[in-house]
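The next block holds one structure in the form of structure tokens; read it before the comments.
Just so we're clear, the structure is a prediction, and the values are computed from it rather than from any experiment.
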Amino acid sequence: MKYLSTRDDSLSIEASEAITRGLSREGGLFVPEEFPQYSQEDLRALLPLSYPERAASIMKHFLTEFTYEELLERARAAYSAEKFGSENPIPITTIEENGVPVHVLELWHGPTCAFKDMALQMLPHLLTLSLEKSHPGATALILTATSGDTGKAALEGFRDVPGVRILVFYPQNGVSEMQKLQMITQEGDNVGVCAIEGNFDDAQTGVKRIFTSEKMNTLLEQHHFLFSSANSINWGRLLSQIVYYFSAYLDLVKESRILLGDPINICVPTGNFGNILAAYYAFQMGLPVGRFICASNSNDVLTQFLNEGVYDRKRVFYETISPSMDILISSNLERLLYDLTVTKNVRDWMQKLTKDGVYTVDRDTAMRLHALFYASRATEEETKAEIRRVWEENGYLIDPHTAVGSKVCRDYLEYTGDYDTPILLASTASPYKFASSVLSAIASEEIPEGFEAVRALSRKTNTVIPAPLAALEGKKVRFPDCCRAENMDAVVCSMAGIELP
């Protein structure tokens with residue numbers, strides 16, 4: 001299996017190189033040259049397997065440089081019961097919505113209580129294997145921009161991994177209190193964290209700029225470093241995410257909630273478009289999916305794009321109670337467009353986005369998008385109302401991101417009348433990562449601050465505070481620094497112990 005760049009037809013590289021690099025030098029994203037196809041019988045063969053066995057079975061088609069045994073060993077280490085609390089890292093809770101079963105896929109039982117763990121516990125294994133094959137002796141310097149959850153999950157996944165250093169940038173006022181605390185107290189000798197003045201898009205743009213800077217790449221190479229990424233621009237992350245959509249579908253079949261071959265709709269609260277793109281790729285491989293339901297918060301750039309074919313980042317940026325979705329430049333959308341049209345179109349649209357802040361796709365592409373995706377949004381008030389409604393009607397506690405998805409699921413049912421197709425709703429974080437916001441949605445009393453809000457939420461709902469979050473109270477702050485976006489280069493060089501010319 002070779003990997004191509006979304007912006008360069010001539011580029012073709014091995015999987016190990018794609019995972020090691022993360023981003024192509026001209027700014028394109030790596031995509032597989034083809035997608036393996038799964039028949040109903042192929043899906044049936046995966047039914048009795050454990051989650052690590054399913055992961056290795058699916059990944060082997062994309063990572064042909066690695067053996068099945070290598071992948072299985074790493075998958076067992078990544079998805080152990082010790083890390084996820086169960087042999088199945090992705091339990092499903094079913095609730096009813098107007099008679100339609102909504103299967104809530106809980107992707108947040110890992111060490112940082114967010115769905116990013118599902119990819120970022122596996123990515124370090126894939127990266128170290130890839131380094132051995134493609135760049136022996138080099139040290140990977142991982143740069144990551146985060147809107148909240150990716151940062152902590154990446155820091156935890158790569159903590160003290162040999163041959164790797166990791167530096168995370170996050171928007172100073174654009175993450176929840178718990179998300180920030182998780183990052184700035186991170187342990188490990190090879191980790192670094194820095195806030196930036198600005199929003200997530202500023203952080204992500206800065207990371208991409210450094211990745212594609214010839215000067216910075218040359219400087220790093222002279223000191224035996226190479227850039228890599230833990231964002232969902234890295235193919236290794238998306239591949240890990242494809243697995244859980246297959247596994248969730250198979251679990252629904254095993255539990256007799258659906259029949260093998262029955263279609264499902266998949267709803268994903270979406271910011272950078274990686275999580276829902278993984279679901280689309282699973283569909284491309286043969287997973288029976290009827291429609292993809294794309295849920296946005298007040299930063300609804302994707303809702304407009306999927307409904308109208310116009311991508312316009314020149315809009316008001318909102319800081320919301322679902323901060324991991326506070327994004328106006330959805331990087332992984334480029335991969336979807338590559339799959340639907342030709343490279344030249346993708347390259348031209350991305351150039352227009354950089355230069356003008358807006359682009360419009362052709363009519364054929366817009367129609368294909370509309371046929372695949374339903375898109376809607378939830379305001380702040382609607383998000384809080386959904387947290388309260390789901391709690392009162394089902395006794396089930398959800399975080400603000402999942403609430404955005406739940407509200408948009410109801411929009412979809414009302415708009416389409418599709419009451420026959422079960423819905424798989426990706427639940428992306430523990431409600432305790434956003435304790436103050438969740439508590440304010442379900443309680444009428446004054447909301448306490450800090451860890452008292454976490455304890456109050458536990459008392460109010462008689463639910464258990466996740467151990468990784470409870471352990472943060474009183475932990476020493478290691479990374480208090482903040483920089484301007486234009487000074488990120490200096491922070492990177494400092495992390496690598498290199499003097500910036």
With no hydrogens and no angle check, just 3.5 Å: does a side-chain donor-acceptor pair link [X] and [Y]?
X: Thr320; Y: Ser298; result: no
X: Thr205; Y: Asp202; result: no
X: Gln204; Y: Asn231; result: no
X: Gln179; Y: Lys433; result: no
X: Thr112; Y: Glu156; result: no
X: Asn275; Y: Tyr245; result: yes
X: Ser232; Y: Arg237; result: no
X: Glu380; Y: Thr383; result: no
X: Ser12; Y: Lys2; result: no
X: Lys83; Y: Gln121; result: yes
X: Asn88; Y: Ser86; result: no
X: Glu106; Y: Ser427; result: no
X: Thr360; Y: Lys352; result: no

Neighbour count >12 (heavy atoms, 6.0 Å) for atom [atom1], [X]:
X: Glu449; atom1: CD; value: no
X: Glu82; atom1: CD; value: no
X: Asp189; atom1: CG; value: no
X: Glu26; atom1: CD; value: yes
X: Glu177; atom1: CD; value: no
X: Lys208; atom1: NZ; value: yes
X: Glu214; atom1: CD; value: no

Considering only heavy atoms from C-beta outward, does the side chain of [X] approach that of [Y] to under 4.5 Å?
X: Tyr280; Y: Ile242; value: no
X: Leu29; Y: Tyr338; value: no
X: Cys482; Y: Ile196; value: no
X: His109; Y: Asp117; value: no
X: Gln351; Y: Thr354; value: no
X: Ile166; Y: Val168; value: yes
X: Asn217; Y: Phe211; value: no
X: Trp108; Y: Phe115; value: no

Quiz item: Centroid-to-centroid, His61 to Tyr38, below 6.0 Å?
Solution: yes
So does [X] pair up with [Y], basic N to acidic O under 4.0 Å?
X: Asp251; Y: Arg54; answer: yes
X: Asp489; Y: Arg209; answer: yes
X: Asp348; Y: Lys344; answer: yes

Quiz prompt | Candidate pair Ser240 and Met118, rule side-chain contact (heavy atoms from CB on, under 4.5 Å), full reasoning | solution = CA-CA 7 Å; Ser240 299; Met118 294 305 301; over 6 Å; no
Of the non-hydrogen atoms in [X] and [Y], which two are nearest, and what is the gap between them?
X: Ala375; Y: Leu302; result: CB-O, 4.5 Å
X: Ser322; Y: His401; result: C-NE2, 3.2 Å
X: Phe30; Y: Ile13; result: CE2-CD1, 3.3 Å
X: Gly497; Y: Arg165; result: N-NH1, 4.3 Å
X: Ser24; Y: Thr212; result: O-CG2, 4.1 Å
X: Val193; Y: Phe479; result: O-CB, 3.5 Å

Practice problem: Output all residues satisfying salt bridge (Lys or Arg N to Asp or Glu O under 4.0 Å) with Asp300, sequence neighbours left out; order by chain, then residue number. | Solution: Arg315, Arg377
About how many Å separate [atom2] of [Y] and [atom1] of [X], when rounded to the nearest 0.5 Å?
X: Ser296; Y: Gln304; atom1: OG; atom2: CD; value: 10.5 Å
X: Thr128; Y: Lys133; atom1: OG1; atom2: NZ; value: 10.5 Å
X: Leu131; Y: Glu17; atom1: CG; atom2: CD; value: 9.5 Å
X: Leu167; Y: Phe169; atom1: CG; atom2: CZ; value: 4.0 Å

N/O donor-acceptor pair under 3.5 Å between [X] side chain and [Y] backbone:
X: Thr341; Y: Leu337; answer: no
X: Glu486; Y: Gly206; answer: no
X: Arg21; Y: Ser228; answer: no
X: Ser213; Y: Met216; answer: yes
X: Asn299; Y: Phe317; answer: no
X: Thr365; Y: Val361; answer: no
X: Thr402; Y: Ile398; answer: no
X: Asp326; Y: Glu319; answer: no
X: Thr150; Y: Thr146; answer: no

Anything under 30° is parallel, anything over 60° is perpendicular, the rest tilted; go ahead and classify [X] against [Y].
X: Phe35; Y: Tyr281; result: tilted
X: Tyr3; Y: Trp235; result: tilted
X: Phe292; Y: Phe283; result: perpendicular

Quiz item: Any side-chain hydrogen bond (donor to acceptor under 3.5 Å, both in side chains) pairs touching residues 467-482, not counting sequence neighbours?
Solution: Arg455-Glu473
What pairs of donor and acceptor atoms, side-chain ones from residues 66-76 against any protein atom, are under 3.5 angstrom apart with sequence neighbours left out?
residue, atom, partner, partner atom, Å
Thr67, OG1, Glu70, N, 3.0
Glu70, OE1, Thr67, N, 2.9

Exercise. Check step by step if salt bridge (Lys or Arg N to Asp or Glu O under 4.0 Å) holds for Glu334 and Arg7.
Key: CA-CA 9 Å; Glu334 181 172 341; Arg7 301 188 194 182; 2.7 Å; yes
Quiz item: Picking from Ile498, Leu141, Thr139, what satisfies side-chain contact (heavy atoms from CB on, under 4.5 Å) with His223?
Solution: Ile498
